[in-house]
> 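Okay, handing you the structure first.
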Amino acid sequence: MLLNQFLILAAALFALGIYGLLVRRNLVLILLSVELMLNAVNINLIAFESVFRSELAVGQVFAIFVITVAAAEVGIGLAIVIMIFRNRRSANVDDLSLLRW
Amino acid sequence: MTPLVLATEAEHVVEAGITGGFWVDTAGIMLVLPFAAFLLIMAVGKRMKRQGAEIAIGALAINTIWATVLFVLNMTEGVLAKTTFEIARIGTVAGKEIVFELGWVVDGLSIMMFFLVNLIGLLVFIYAVGYMHGDVRIPWFFAAFSLFAGSMLLLVGAPNLIQLIIGWEGVGLASYLLIGFYWEDLDNVRAGNKAFLVNRVGDVGLTLGAIIVALAVGSFDFGAINLAAAEHLEALSSVAVVGGLLLFLGAMGKSAQFPLHIWLPDAMAGPTPVSALMHAATMVTAGIYLMARTFPLFQNLAEAARPWMVAIGAITLFAMGLLALVADDIKKVLAYSTVSQLGYMMTAVAAGGYTAGLFHLFTHAFFKALLFLGAGSVIHAVHSNNMSEMGGLRKDLPITYWTFLIGSLSLAGIIPLAGFWSKDEILATLGDEGYTAVMWLAIAGAFVTAFYMTRTVALTFHGTYKGHGHPHESPRVMTVPLVLLAIPAAIAGIFSIPGVSLPGIGNFGQWLAVREVAMGDHHGEAIEWVLAGSGILAALAGIALGWMIFSRDRGTQTARDSFEVPVLYPLLRNKYYMDDLANGVVGGTMGPVARFVNWTNTYIIDGLVNAVALLTKALGSFVYGIVDQLGVDGVVHGLSAAADGAGSALRKMQTGRVQQYAASVVGGVLALIIVFVFVT
């Protein structure tokens with residue numbers, strides 16, 4: 001049974017993603033970290049699908065969905081990053097603390 | 001409708017040939033149109049070319065068509081109809097339900113009044129277009145004027161006492177508005193107030209009299225009241241004297257009978273067309289009309305009251321005529337003249353001369369409207385009311401002069417002008433009814449009338465001009481009404497030559513006898529030449545004396561008047577001290593009462609009120625200080641303070657650093673995982 005290895009890989013990728021999300025200062029790298037976490041989820045979906053086969057291949061379909069949504073999300077996210085960079089000459093997340101009390 | 005009861009004397013019998021048909025059924029339009037005009041002028045008058053005058057004139061022109069047709073129909077065949085609409089049921093008295101109705105009655109009397117009010121109103125309105133040209137508030141003037149005419153029509157068309165009172169008060173209101181028309185001057189406002197308040201005294205009588213009579217009869221309807229009077233109804237005859245005198249008090253107020261005449265001379269403060277309409281056809285004739293409308297009540301039941309009413313009328317006709325001798329203001333001369341002539345009418349009606357009094361009302365309306373409009377034309381030319389600033393105007397104002405002269409001679413009672421016939425009829429009535437002393441007083445009054453009118457004509461139109469500037473004849477819009485009024489002022493007498501019935505149309509007495517109930521009044525059979533001669537002689541003597549004294553130009557008016565009898569002159573100049581007396585009597589009797597009421601008010605009522613107020617205030621302080629400030633406000637303030645503090649503390653969490661938020665989310669998820677995995 002090859003499931004455990006996939007799950008461990010996915011958990012490691014997810015942890016990496018969380019780590020990057022929390023400690024990276026560059027907006028682009030934070031976006032990449034989010035992508036890592038999404039792909040960790042995708043690995044989980046495919047792994048479970050290959051073990052517990054379903055009639056409609058739900059796991060694979062969901063993975064495709066996640067990829068699609070991730071693509072859209074990155075499109076918007078990068079656009080925001082570019083606009084911020086143009087306005088502030090910086091992509092450092094610590095400089096973006098205007099929305100507070 | 002009450003069946004037609006006709007008089008017993010053969011020559012009074014008039015068959016009412018017409019009791020319906022288009023003109024009769026739609027007669028109510030005359031009561032409605034002026035009010036519609038009033039509203040319309042108020043709404044759009046300002047934007048019209050003639051500022052609303054065309055609406056007022058249009059309404060009265062239509063009315064005049066109706067009135068004239070009805071007048072002619074009544075002349076030839078007699079018109080008698082009544083249309084009423086039930087508005088409310090008031091209650092039951094003596095087994096009869098008292099109903100409040102509005103509507104219109106079309107009979108000889110009301111048709112005569114419709115004709116007068118509409119025709120003279122129309123001419124005065126046309127005249128006013130010229131007279132008021134360039135004056136202030138013209139739309140308001142014509143609106144109030146329409147209201148004035150409309151109220152009078154409502155009054156004379158009234159089938160019952162309630163509608164009469166409504167119109168009566170409307171006339172009072174409109175006259176108040178018009179007398180105080182130039183309200184920028186406080187004197188004019190005071191004159192309006194005086195007219196209104198003096199009229200109120202009479203109105204108390206009218207209202208009480210109406211209630212007493214209606215309760216006795218069981219109806220406010222004139223037909224029912226007059227029928228009850230004609231049949232000597234028991235319930236009515238017991239209250240007839242009191243009710244009649246109270247109604248007479250109302251008539252005294254409106255028709256300016258001594259001692260309630262004091263408002264009328266002051267009412268000259270309004271524009272001259274108002275005076276003309278007020279003195280000729282509306283307002284002051286209302287009292288006489290009321291007496292005529294309820295004539296059977298006075299004629300059949302209230303006999304004890306009649307000598308008093310005749311006496312009041314006699315005092316008015318003589319004493320007020322004397323006042324006209326010393327007035328300098330031409331309008332005041334005419335005003336006192338009106339009061340005096342109203343005295344003639346009242347005397348005649350009270351003495352039993354229904355036709356005589358109303359015929360004098362009819363002719364007087366024409367020549368007094370003519371005289372007032374002539375005076376207005378003079379005032380328009382010389383810009384002053386005072387005859388001491390006039391004189392010699394007959395060359396400059398020829399049309400005004402000749403028409404004024406016709407009016408004056410008619411008023412003085414010179415044969416064959418209209419005034420002669422109506423005054424002669426009154427004299428004949430007084431003689432035949434046994435009021436001989438009053439008859440001689442009335443002849444003396446004719447002398448006084450001729451005297452003061454001669455003085456007025458001499459001072460105004462003869463001698464030399466003493467005013468400023470160069471006077472000009474008035475425009476055509478003013479002189480045409482003068483000429484049109486001069487015609488009836490001259491020839492209206494032919495309608496009521498004693499004993500003469502004109503072919504096809506009868507005479508004035510027959511027209512007026514077309515009523516639901518026969519009047520049973522006095523009628524002259526033929527001219528009494530001794531009496532008529534005395535009247536003419538008195539008038540000629542008055543003219544001769546007046547001409548002797550006033551035709552020569554003796555400088556100012558004061559110099560001419562001061563030759564007068566020493567005691568009489570100051571008495572007249574001060575109007576018999578009636579104004580002072582009125583103030584003294586009312587002030588003297590009402591003063592202590594007022595002071596007592598004031599004392600009661602200050603110490604007793606105010607004390608109670610103040611005590612209640614203090615209690616309320618203490619209670620209020622308690623509620624405010626303890627309940628509101630500490631209780632209610634404490635809760636509210638506490639809640640808001642808590643929210644404020646929590647907000648201050650919690651907002652610190654909002655750092656704006658995205659990764660701290662993300663860390664919180666991760667921490668939360670971890671906490672949830674720990675809970676799900678290890679706790680459950």
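All chains are named by letter (A, B, ...) in the order of the sequence lines, taking the proteins before the strands, and each is independently numbered beginning at 1. As a basis for the values below, the full set of heavy atoms in this structure was taken, side chains included, without hydrogen atoms, waters or symmetry mates.
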> Counting only non-hydrogen atoms closer than 4.5 Å, does A:Leu96 touch chain B with its backbone (N, CA, C, O), its side chain (CB onward), both, or neither?
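The answer is the backbone of A:Leu96.
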
> Checking an interface table here. Which of residues 71-79 of chain A come within a heavy-atom distance under 4.5 Å of chain B?
none

> State, to 0.1 Å, how close B:Ala662 and A:Leu21 come at their nearest heavy-atom pair, and which atoms those are.
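Looks like CB-CD2, 4.1 Å.
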
> Take a 6.0 Å sphere around OH of A:Tyr19 and say whether it holds more than 12 heavy atoms from other residues, nucleotides or ligands.
no

> Should the heavy atoms of other residues, nucleotides or ligands under 6.0 Å from CZ of A:Phe65 be counted, would the total exceed 12?
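Open: at most 12 neighbouring heavy atoms sit under 6.0 Å from CZ of A:Phe65.
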
> Regarding B:Gln659 and A:Arg24, is there a side-chain donor-to-acceptor distance under 3.5 Å anywhere?
no

> Quick check: are there more than 12 heavy atoms from other residues, nucleotides or ligands sitting under 6.0 Å from CZ of A:Phe6?
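No.
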
> I'd like to know whether CZ of B:Arg190 has more than 12 heavy-atom contacts from other residues, nucleotides or ligands below 6.0 angstrom.
no

> Is the CZ atom of B:Phe35 crowded by more than 12 outside heavy atoms at less than 6.0 Å?
yes

